Amino acid sequence: MNAGELRSKYIEFFKSKGHAQIQGRSLLPDNDPTVLFTTAGMHPLVPYLLGEEHPAGKRLTDYQKCIRTGDIEAVGDSSHLTFFEMLGNWSLGDYFKEEAIGMSFEFLTSPAWLGIPLEKLGVTVFEGEEGVPRDEESAAVWKKLGIPESRIRFRPREDNWWGPAGSTGPCGPDSEMFYDFGKEACGPDCGPGCPCGKWLEIWNDVFMQFNKNAEGVYEPLNRKCVDTGMGIERTVTILTGKESVYETEIFAPIIGAILKASGGGSYGVHEDRDRSIRIIADHVRSAVFILGDPKGVSPSNVGAGYVLRRLIRRAVRHGYKLGIEGAFLSVVAEAVIAEFSGAYPELAENKAFVLEELEKEGLKFLETLQKGEHEAEKLLPNLLKDPRKIMSGRLAFKLYDTYGFPIELTEELAAENGMKVNREEFDEAYRKHQELSRSQSGQAFKGGLGDQGEMAVKYHTATHLLHKALRMVLGDHVAQKGSNITAERMRFDFSHPAPMTEDEVATVQAIVNEQIGKDLPVSMEVMSLDEAKAAGAIALFGEKYENQVKVYTIGRSPVDFFSKEVCGGPHVEHTGPMGKFRIQKEQSSSAGVRRIRAVLE
Ligand code: SER
């Protein structure tokens, strides 16, 4: 069984159960700048899970390309991936727990479908907490179907609750399905969900029965929904008797291309080499899908483009480590495109762009790597004078930091010259740097506002407070003309015919600080643009909006609020932690447009 067969079987099965097949969507979400990439099959369906009618009906199925970069540093081991495919089926107010679990069970175990032996399966269900009952209902369904009680585990919210990344929206308990690799249990408590390596999660049925509102209260949904997601790579792994996704047919052509580019050899011989191969395979696959998306982006220093750049550079670095000379990314990319363009025709359509961008970014970084090597060689004669034959960790770090020169290569080069690198000193410098860059740009990998992080989110909420305060003090003619946010400050342009007086500036500043001081909750709702306007939301004139828009409200309730704006987000959950707002400057921007620079302190 390969990925193609699994995709077809899944869709065929759910079609036979009355589901309409819908198209998977772009990897770059339409209406949700709170995340950089589509992270789950349900992601593009949020408006429908919230109550919108879907034109294809109440039972849907699809396969969806997904990217999750939270674990990017872990890629290299045998299981982590940044790109993966998710199969899904949805009930929009149609069937619920019993039927959803019944269909999952049938697809997994029936010889006509996947035919997984019953004794290889285990499941988890939600153990319950205050306000949400223990999910005895799901457990009973599993038991009735034949899963023994010893392999039905009740687990807490951290494991068996699914909801959107944002603070509000549809959510509910889930029931996860695990494959038992047959290894010995790690202890008496080992069971489905145990991370010891015995169990692998392959599918998740989410029972969306609540809407978490802005006050943090779980309101029962009028229309309960089911959202399920099955991981293609993991399922192919277990169906083909493998232990690692990288050993499956899915990765065979990609790893084959990497081995060919590196001049032969095989996979599975040398652990260090294998690790580099896995990193290249995963990262190039992700990069091809990001570049080849209909909304494809180029490598850059912000947002999705920045993630793309990191993926490509890390792949190049590991290619260099494997001793691959010259451009190899396009060779690997061609293997990815050939394998996946049947299911994702956009990859073939955008092939020229994908290969060109990979080559460009790859070569640029390769040059950087080579320059670093050159630099290191120039320094060597001097270094060799050191009687202890030790290269300082500071220098090794400089090579890493300035030229992106991997420490492993510095060590290798040093060793060729009978020297050693002071690794402790390097590690110390590296650690400090990591801490710094994590706090500055780590957010890029967690979703959110690109690499701008937490501060930028605070500034984003501050623009809404400022916008409203300006309208209160200067009048309703004030309209936002532009804004620019960095982690250090904000700039806000707005229409107003005259310079503001000192008094006006002071009043606006005081109003913003007063609202911050009230620690107002910030909530989000999805609605049509007309509904948004009717609810009193400010929308930007001349801006093109989708049919469904997100409306952010800063205030105690939907009617008692300070500000309501149509906006993509993200925003803080509460205004309290934003800090003190200070207007640094009010000046002219262009005719009839004023500019405010402000900081949060
Ligand atoms: N949304 C759930 C998940 O990602 C099920 O699809 O696990």
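Order of appearance sets the numbers: ligands from 1, and atoms from 1 within every ligand. Computed from a prediction, not measured in an experiment: that's the story for all the values here. Atom set for the values below is all heavy atoms of this structure, side chains included, hydrogens, waters and symmetry mates excluded. Positions are given from 1 along the sequence.
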Subject >> Test item, M230 contacting ligand 1 (heavy atom, 4.0 angstrom) >> reply: no

Original post:
Hey, what's the ring geometry for H464 with H460, parallel, tilted or perpendicular (30° and 60° as the breaks)?
Top reply: perpendicular

Original post:
Aromatic rings Y344 and F83: how do their planes relate, parallel, tilted or perpendicular, breaks at 30° and 60°?
Top reply: perpendicular

**OP:** Measure the distances from the heavy atoms of R68 to every atom of ligand 1 and state whether one is below 4.0 angstrom.
**Re:** yes

Subject >> Which of the ligand 1 atoms, numbered from 1, are nearer than 4.0 Å to a heavy atom of M86 >> reply: 4 (O), 6 (O)

Subject >> Nearest-neighbour protein heavy atom for atom 7 (O) of ligand 1, which is reported as residue plus atom name and distance >> reply: N204 ND2, 3.1 Å

Original post:
Numbering the atoms of ligand 1 from 1, which are under 4.0 Å from a heavy atom of A40?
Top reply: 4 (O)

**OP:** Taking the six-membered ring for Trp and the full ring for Phe, Tyr or His, determine whether the centres of Y95 and H19 are under 6.0 Å apart.
**Re:** yes

Original post:
Which atoms of ligand 1 are found less than 4.0 Å from any heavy atom of G229?
Top reply: 5 (C), 6 (O)

**OP:** Name the closest protein heavy atom to atom 3 (C) of ligand 1, giving the residue it belongs to and the distance to 0.1 Å.
**Re:** W162 NE1, 3.3 Å

**OP:** Could you find the nearest protein heavy atom to atom 1 (N) of ligand 1 and give me its residue, atom name and distance?
**Re:** D227 OD2, 2.8 Å

Original post:
ligand 1 versus D174, non-hydrogen atoms closer than 4.0 Å: side chain, backbone, both, neither?
Top reply: neither

**OP:** Under 4.0 Å from a heavy atom of V206: give me the atoms of ligand 1 that qualify, with their elements.
**Re:** 2 (C), 5 (C)

**OP:** Could you tell me whether the side chains of W142 and S175 share a donor-acceptor contact shorter than 3.5 Å?
**Re:** yes

Subject >> Those atoms of ligand 1 less than 4.0 Å from some heavy atom in M42 >> reply: 1 (N)

Original post:
Does the side chain of S286 pick up a donor-acceptor pair with the side chain of T82 at under 3.5 Å?
Top reply: yes

Original post:
When you look at F340 and F289, which way does the ring-ring contact (aromatic ring centres under 6.0 Å, His included) test go after all the steps?
Top reply: CA-CA 9 Å; F340 290 97; F289 271 91; 5.5 Å; yes

Subject >> Pair K564-T553, side-chain donor/acceptor within less than 3.5 Å >> reply: yes

**OP:** Tell me, please, whether Y63 has R7 positioned over its six-membered ring: NZ or CZ under 6.0 Å from the ring centre and within 45 degrees of its axis?
**Re:** yes

